[in-house]
Amino acid sequence: MQFIDLKTQYAHYQAEIDSRMQAVMEHGRFIMGPEIAECEQQLAEFAGVEHCISVASGTMSLEIALRALDIGPGDEVITTPFTWISSAEVIRLVGATPVFIDIEPTTFNLDLEQLEAAISAKTKAIMPISLFGQMPNFERLNEIAGAHNIPVLEDGAQSFGATQNGKQSCGVTTIGSTSFFPAKPLGCYGDGGALFTNDEQLATAMRAIRTHGGTKRHHHTLVGTNGRFDTLQAAVILAKLPHFANECSRRGEIGARYSSLLRDICQTPEVAPGNTHVYAQYTIRLENRDEIAAALKTSDIPTAVYYPKCLHEQPVFADLGYQYGNFPESERASKQVLSLPMHPFLAEKDQDSVVDALRNAITRSITS
Ligand SMILES: *Cc1c(COP(=O)(O)O)cnc(C)c1O
């Protein structure tokens with residue numbers, strides 16, 4: 001059994017993917033070929049926003065967003081310490097300071113009760129992470145940010161395709177950012193990502209920064225980078241996108257089935273009111289996580305821990321001055337979370353094997 005099965009997905013869409021990629025090989029415009037604009041237009045439509053700017057990765061996309069917001073030394077960006085390194089890494093990379101607030105234990109998303117108190121005169125952005133595939137309460141979050149006139153950058157690397165009150169992830173904040181890393185809900189066959197906004201000025205700046213800060217050829221107005229999305233990868237996204245809404249529904253159904261089968265033996269993920277969840281990771285909580293994970297391994301059930309260490313515990317952020325104990329919910333989550341095999345092609349019998357193995361491991365650990 002695979003943790004995420006990309007081979008089965010390829011087998012389903014092979015004809016479309018192959019012919020899309022073949023077309024790129026034939027026209028030969030590997031950098032900023034026609035697939036880029038086509039892909040951006042379809043992604044913007046999917047997310048329900050005016051502008052989409054495709055980029056080289058989800059990390060690059062966050063960095064470009066921060067640069068376009070003119071965030072740098074002396075500025076603070078609020079995020080959580082329970083996320084992938086990229087989220088805080090890019091804040092540092094542009095010279096600004098990450099300010100962490102804890103997560104709420106039910107959704108693993110930033111605890112909005114703590115947001116107001118973390119805002120200072122230096123706060124230049126709030127970066128919520130839509131962790132594991134569902135969005136935080138953006139009505140409330142945008143209200144708090146709006147009252148302070150602070151832009152919101154959603155790190156939707158794991159949540160593309162998720163919705164809140166009918167609106168798509170990456171489409172409800174100043175800027176939305178996602179990743180097309182192969183294992184994400186909408187993955188390409190290498191690195192990739194995209195930025196979304198309704199703000200024309202920000203879109204222009206992000207487009208320019210993506211291509212060396214140039215607004216015209218040989219005319220550079222901003223400090224930019226080489227942050228372009230590959231045409232071949234855009235071809236993969238174009239082939240997968242027509243199936244994506246259906247895959248998101250399958251993800252939701254498979255997640256709900258896991259929860260109904262596991263609810264009595266462990267803590268299953270909660271879907272907040274108004275949300276759909278795309279389960280980039282289907283993540284349960286267990287007091288004796290490491291013991292259960294080891295037992296599952298002997299039954300050949302692949303699992304993963306996202307994230308075994310919080311960002312405030314990482315050596316690279318030691319100088320921020322945080323200590324173990326500062327973010328108890330994040331720290332507790334890092335010891336308890338376990339992600340199970342999850343992808344839109346997960347067969348019921350495989351899911352049943354995961355559930356049985358988990359049930360056996362938990363029963364054995366209670367009786368031993
Ligand atoms: C995957 C991920 C990223 C980075 O995306 P890449 O495309 O791998 O650079 C950023 N934030 C979160 C929360 C992620 O899960």
Side-chain angles (χ1 to χ4, degrees), residues 3-4 6 39 43 52-67 77-94 98 100-101 103 107-110 125-136 138 141 152-162 169-170 173 175-196 206 209-210 225-230 232-234 236-237 240 251 269 277-283 304-312 314 316-317 330 333-334 337 339 342-343:
F3 187 67
I4 293 172
L6 295 173
C39 182
L43 288 166
C52 168
I53 298 100
S54 64
V55 291
S57 74
T59 306
M60 180 63 78
S61 92
L62 293 171
E63 185 192 338
I64 291 173
L66 293 177
R67 289 195 191 282
V77 178
I78 298 173
T79 190
T80 87
F82 192 65
T83 172
W84 174 237
I85 185 81
S86 302
S87 319
E89 178 181 53
V90 292
I91 299 170
R92 258 299 162 78
L93 199 58
V94 300
F100 294 132
I101 59 176
I103 55 167
T107 63
F108 306 100
N109 282 331
L110 103 184
I126 300 166
M127 188 199 292
I129 323 296
S130 297
L131 203 75
F132 299 146
Q134 78 169 319
M135 298 149 82
F138 274 119
L141 200 161
V152 178
L153 166 57
E154 179 192 7
D155 182 349
Q158 302 183 9
S159 60
F160 200 65
S169 172
C170 292
T173 55
I175 301 174
S177 166
T178 196
S179 162
F180 303 130
F181 182 81
K184 310 284 178 172
L186 181 61
C188 62
Y189 289 164
D191 279 309
L195 288 154
F196 299 85
M206 293 192 291
I209 294 166
R210 172 183 68 180
T225 185
N226 176 356
R228 296 171 304 229
F229 191 38
D230 280 346
L232 269 173
Q233 300 303 342
V236 176
I237 295 296
K240 285 190 179 188
R251 288 176 168 277
H277 200 313
V278 289
Y279 298 104
Q281 304 299 339
Y282 182 88
T283 305
V305 173
Y306 301 112
Y307 298 91
K309 211 186 216 189
C310 300
L311 296 188
H312 66 289
Q314 293 290 353
V316 67
F317 295 129
S330 299
S334 71
V337 288
S339 301
M342 178 73 211
H343 56 86

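Each ligand, and each atom within it, is numbered from 1 in the order the structure gives.
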- Message: Using a 4.0 Å cut-off to any heavy atom of Thr59, which atoms of ligand 1 qualify?
- Response: 4 (C), 5 (O), 6 (P), 9 (O)
- Do the rings of Tyr282 and Tyr279 sit parallel, tilted or perpendicular, given the 30° and 60° boundaries? tilted
- Relative to the ring of Tyr307, is the ring of Phe132 parallel (under 30°), tilted (30 to 60°) or perpendicular (over 60°)? parallel
- ligand 1 atoms in contact with Ser179 (distance to a heavy atom under 4.0 Å): 5 (O), 6 (P), 7 (O)
- Query: Quick one: which ligand 1 atoms are inside 4.0 Å of a heavy atom on Ala157?
  - Reply: 2 (C), 3 (C), 10 (C), 11 (N), 12 (C), 14 (C), 15 (O)
- Query: Should Gly192 be listed as contacting ligand 1, given a heavy-atom distance under 4.0 Å as the test?
  - Reply: yes
- Message: Geometry only, no angles: is Lys184 polar-contacting ligand 1 at N/O separations under 3.5 Å?
- Response: yes
- Message: Walk me through whether Tyr306 and Phe108 qualify under ring-ring contact (aromatic ring centres under 6.0 Å, His included).
- Response: CA-CA 11 Å; Tyr306 301 112; Phe108 306 100; over 10 Å; no
- Task: Test Glu154 against Ser130 for side chain to side chain donor-acceptor pair (under 3.5 Å), laying out the working first.
- Result: CA-CA 7 Å; Glu154 179 192 7; Ser130 297; 2.6 Å; yes
- Message: I need the atoms of ligand 1 closer than 4.0 Å to a non-hydrogen atom of Thr83, numbered in the order shown.
- Response: 13 (C)
- Note on the structure: One finds that the ligand 1 atoms under 4.0 Å from a non-hydrogen atom of Ile129 are 13 (C)
- Message: Can you name the atoms of ligand 1, numbered from 1 with element, that are less than 4.0 Å from a heavy atom of Gln158?
- Response: 13 (C), 14 (C), 15 (O)
- Message: side chain to side chain contact (heavy atoms under 4.5 Å, CB included) for Leu6 and Tyr189? Distances and angles first, verdict last.
- Response: CA-CA 10 Å; Leu6 295 173; Tyr189 289 164; 5.6 Å; no
- Message: Run the side chain to side chain contact (heavy atoms under 4.5 Å, CB included) test on Thr178 and Lys184 for me, step by step, so that the C-alpha distance in whole Å, both residues' side-chain angles and the decisive distance to 0.1 Å come before the verdict.
- Response: CA-CA 9 Å; Thr178 196; Lys184 310 284 178 172; over 6 Å; no
- Item | ligand 1 atoms in contact with Gly58 (distance to a heavy atom under 4.0 Å) | 4 (C), 5 (O), 6 (P), 7 (O), 9 (O)
- Message: To check your reading of the model: name the closest protein heavy atom to atom 3 (C) of ligand 1, its residue, and the distance in Å.
- Response: Trp84 CD1, 3.5 Å
- Query: Looking at Pro136 and Asn109, what are the two nearest heavy atoms and their distance?
  - Reply: N-ND2, 3.5 Å
- Report the nearest protein non-hydrogen atom to atom 11 (N) of ligand 1: residue, atom name, distance rounded to 0.1 Å. Asp155 OD2, 2.7 Å
- Note on the structure: atom 4 (C) of ligand 1: of Gly193, Ser86, Ser130, the nearest heavy atom sits on Ser86
- Straight-line distance of Thr107 OG1 to His277 NE2, nearest 0.5 Å: 8.5 Å
